[in-house]
2 protein chains.
Amino acid sequence: MKALATARKNEQPDCAPGEHRRKRPSAAVSAAALERAVRIFKALGDEPRLRLLAILAQGELCVSEIAEIDDDGLSTVSQRLRVLRSADLVSRRRDGQHILYGLADQHIGELISNALAHASEGLPARPSAAKKNRKKN
Amino acid sequence: MKALATARKNEQPDCAPGEHRRKRPSAAVSAAALERAVRIFKALGDEPRLRLLAILAQGELCVSEIAEIDDDGLSTVSQRLRVLRSADLVSRRRDGQHILYGLADQHIGELISNALAHASEGLPARPSAAKKNRKKN
DNA sequence: GCAATACTTCAACAAGTAGTGAAGTAATGA
DNA sequence: TCATTACTTCACTACTTGTTGAAGTATTGC
C-alpha cells in the first residue's frame, strides 16, 4: 500500500552498502514471478480461505455444501471462492444445478499441506512470538 | 475480518450436505496449525516483504543495507522486518552498531524458492491470469 | 559524561479487503 | 411458460494493514 510517495524518503542511514559486507545482493528475483507468488500468498493468508482450500483438497464440493460445512452464507462463500479463483487456486465446473469447486492443481495441494505440516512442527524453537516488546515502565 | 456477526447468517441453501456427495469433509486441519500457516502466508503476501526475504535468502544484511538496496526508508524497512519477525520468518542478531537480519530457517528459504519456482512456471498454462483454469501436463 | 550512528516505536492516514443483504443470472423442472 | 434452486455480483460498511515523519532507545566512540 505505497501511500503516495511523498517528498523525501524516510531517513536514510550513513552506512553505505558495501561498508559492512563485500557482496551486495540485488533484486535477484523475476518481478513477474514475485508478483505471482505474492498473489498466491495473499489468497492463502486468510483463515477461512485456507481452511476452505484444505477442505477442497479432500475433494470437489459445491458452494452450498461449503456454506453448510463452514456455517457461512452463500454470498460469503461465493466471494471467498472468487478470490481463490482469481489467484488460480481453485477450479470450477458445473454439474447440473450445482457448481463444483476443487483445487486447481496438485501443486497447490502440496503447497498447502507443506505449509500446514511446517506450521504444526513449529519451525523455530519458540512457543508464541511477538510478545516481549514492552519497555520498562 | 468477520464484520460483527450480525443477526442471521447469509441466505442458506436448501440442499443439505450429503445430498450431492456421500462423504462430508469437515474441519480436518488443526486450528493451531491453520492459524500459524495463515500468519506465515499473510507475511509472505506482500511484494516488498517477499522481495526482502528473497534478498535475505542470499545472506544476512543490516537494516541500513536493506534500506539502501530497496531504496526505502529505515522506518519502512524496520516495520517490514517487524512483521516478518512476528511471523517467525527472520532471525535477528546484533553486530556492533548494526543489527543483522537473515532467514529464520532453511525451511523458509525452501518455501519461498518453491513458491517462486512454482510461480515462474505459471502453473496453469496461462500468460496473464484470472481468466480460465486449464490443467496442463 | 555527551554526541553520533543505527535502529525501533508511535501515531496517523490512505488504501485495501472481508463480510453481508439485496438484487441479478443461470440451469432445471413442472 | 413460470417457479425454484443454486449461485454470483453489487454496494456498502467495518475493519485491517502498509507507509511514513517524528520521537524514542541502544550501542559505540570521544
Side-chain angles (χ1 to χ4, degrees), chain A residues 1-17 19-20 38-39 42-43 45-50 52 61-68 70-87 92-101 130 132-137, chain B residues 1-17 19-20 38-39 42-43 45-52 61-68 70-87 92-101:
Chain A
M1 299 175 176
K2 213 94 168 173
L4 3 113
T6 26
R8 280 266 1 94
K9 236 72 208 346
N10 216 335
E11 347 78 52
Q12 288 285 57
D14 276 357
C15 55
E19 181 190 327
H20 320 279
V38 164
R39 283 205 327 158
K42 226 172 222 164
D46 177 71
E47 199 176 316
R49 275 195 308 254
L50 189 56
L52 172 45
L61 286 175
C62 77
V63 185
S64 316
E65 287 175 304
I66 296 168
E68 230 284 323
D70 280 0
D71 190 31
D72 268 314
L74 273 181
S75 175
T76 305
V77 171
S78 187
Q79 294 282 23
R80 287 212 269 260
L81 287 165
R82 194 178 61 79
V83 172
L84 292 174
R85 233 173 94 72
S86 80
R92 183 235 276 256
R93 70 184 178 88
R94 188 171 267 279
D95 175 33
Q97 288 188 93
H98 297 279
I99 294 182
L100 296 175
Y101 281 87
K132 41 128 167 223
N133 315 30
R134 208 68 216 132
K135 45 181 177 176
K136 57 249 180 129
N137 205 359
Chain B
M1 297 172 180
K2 214 94 167 169
L4 349 124
T6 24
R8 284 266 2 91
K9 235 73 204 6
N10 215 334
E11 347 75 57
Q12 287 287 56
D14 275 357
C15 56
E19 182 190 326
H20 321 277
V38 164
R39 284 205 324 158
K42 224 171 225 165
D46 177 73
E47 198 175 317
R49 277 198 303 258
L50 190 57
R51 187 175 38 237
L52 172 44
L61 287 176
C62 77
V63 185
S64 316
E65 287 176 304
I66 297 168
E68 231 283 323
D70 282 359
D71 191 31
D72 269 313
L74 272 180
S75 176
T76 305
V77 171
S78 187
Q79 295 281 23
R80 288 212 267 258
L81 288 165
R82 193 177 61 80
V83 173
L84 293 174
R85 232 173 97 72
S86 79
R92 184 237 276 255
R93 72 184 176 86
R94 188 170 267 280
D95 174 34
Q97 288 188 95
H98 297 277
I99 294 183
L100 296 176
Y101 282 87

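Chain letters run A, B, ... following the sequence lines, proteins first, then strands; residues in each count from 1. Just so you know, these numbers use all the heavy atoms, side chains as well, and skip hydrogens, waters and symmetry mates. Everything numeric in this text was worked out from a predicted model, so none of it was measured.
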Applying side-chain contact (heavy atoms from CB on, under 4.5 Å), can you list everything that pairs with A:Glu47, at least two apart in sequence or on another chain? A:Arg51, B:Leu34, B:Glu35, B:Val38
For A:Thr76 and C:dG19, is the shortest distance between a side-chain N/O and OP1 or OP2 below 4.0 Å? no
Shortest side-chain distance from B:Arg80, nucleotide among D:dT9, D:dT19, C:dT8: D:dT19
Can you measure A:His98 atom NE2 to C:dG29 atom P for me and round it to whole angstrom units? 11 Å
Does A:Leu81 or B:Gly45 map to a spot on DNA chain D nearer the 5' end, using the closest nucleotide for each? A:Leu81
Whole-Å distance separating the CG atom of B:Leu52 from the P atom of D:dG18: 13 Å
Interatomic distance, A:Arg82 CZ vs C:dG19 C1' [rounded to whole Å]: 12 Å
If you take all heavy atoms of A:Ala43 and A:Val83, which pair is closest and at what distance? CB-CG1, 4.5 Å
Nucleotide nearest A:Arg92 when distance is taken to its side chain, options C:dT8, C:dT20, D:dT8: D:dT8
Could a donor-acceptor pair under 3.5 angstrom be found where the side chain of B:Ser75 meets the base of D:dT19? no
Give the rounded distance in Å between these two atoms: CG of A:Leu74 and C1' of C:dA18. 17 Å
If I take atom CG in residue A:Asp46 and atom P in nucleotide D:dT17, what distance separates them, rounded to the nearest angstrom? 10 Å
Report yes if at least one side-chain N or O of B:Tyr101 is closer than 4.0 Å to OP1 or OP2 of C:dT8; otherwise report no. yes
Side chain to side chain contact (heavy atoms under 4.5 Å, CB included), paired with A:Tyr101, selected from A:Val63, A:Leu52, A:Leu61, A:Val77: A:Val63
Rounded to whole angstroms, how far apart are NZ on B:Lys42 and C1' on D:dG18? 14 Å
Pairing of A:Asp70 and A:Arg80 as salt bridge, 4.0 angstrom limit: yes
Specify the separation, in whole Å, of atom CD1 of B:Ile99 and atom C1' of C:dT5. 12 Å
Could you check whether the side chain of A:Gln79 and the base of C:dT20 have a donor-acceptor pair of N or O atoms closer than 3.5 Å, going by distance alone? yes
How about A:Cys62 and A:Ile99: do any of their side-chain heavy atoms sit closer than 4.5 Å? no
What is the separation between atom CD on A:Glu47 and atom P on C:dT17, rounded to the nearest whole Å? 19 Å
Judged by each residue's nearest nucleotide on DNA chain C, which is more toward the 5′ side, A:Val83 or A:Arg94? A:Val83
5'-most contact on DNA chain C: A:Arg49 or A:Gln97, nearest heavy atom basis? A:Arg49
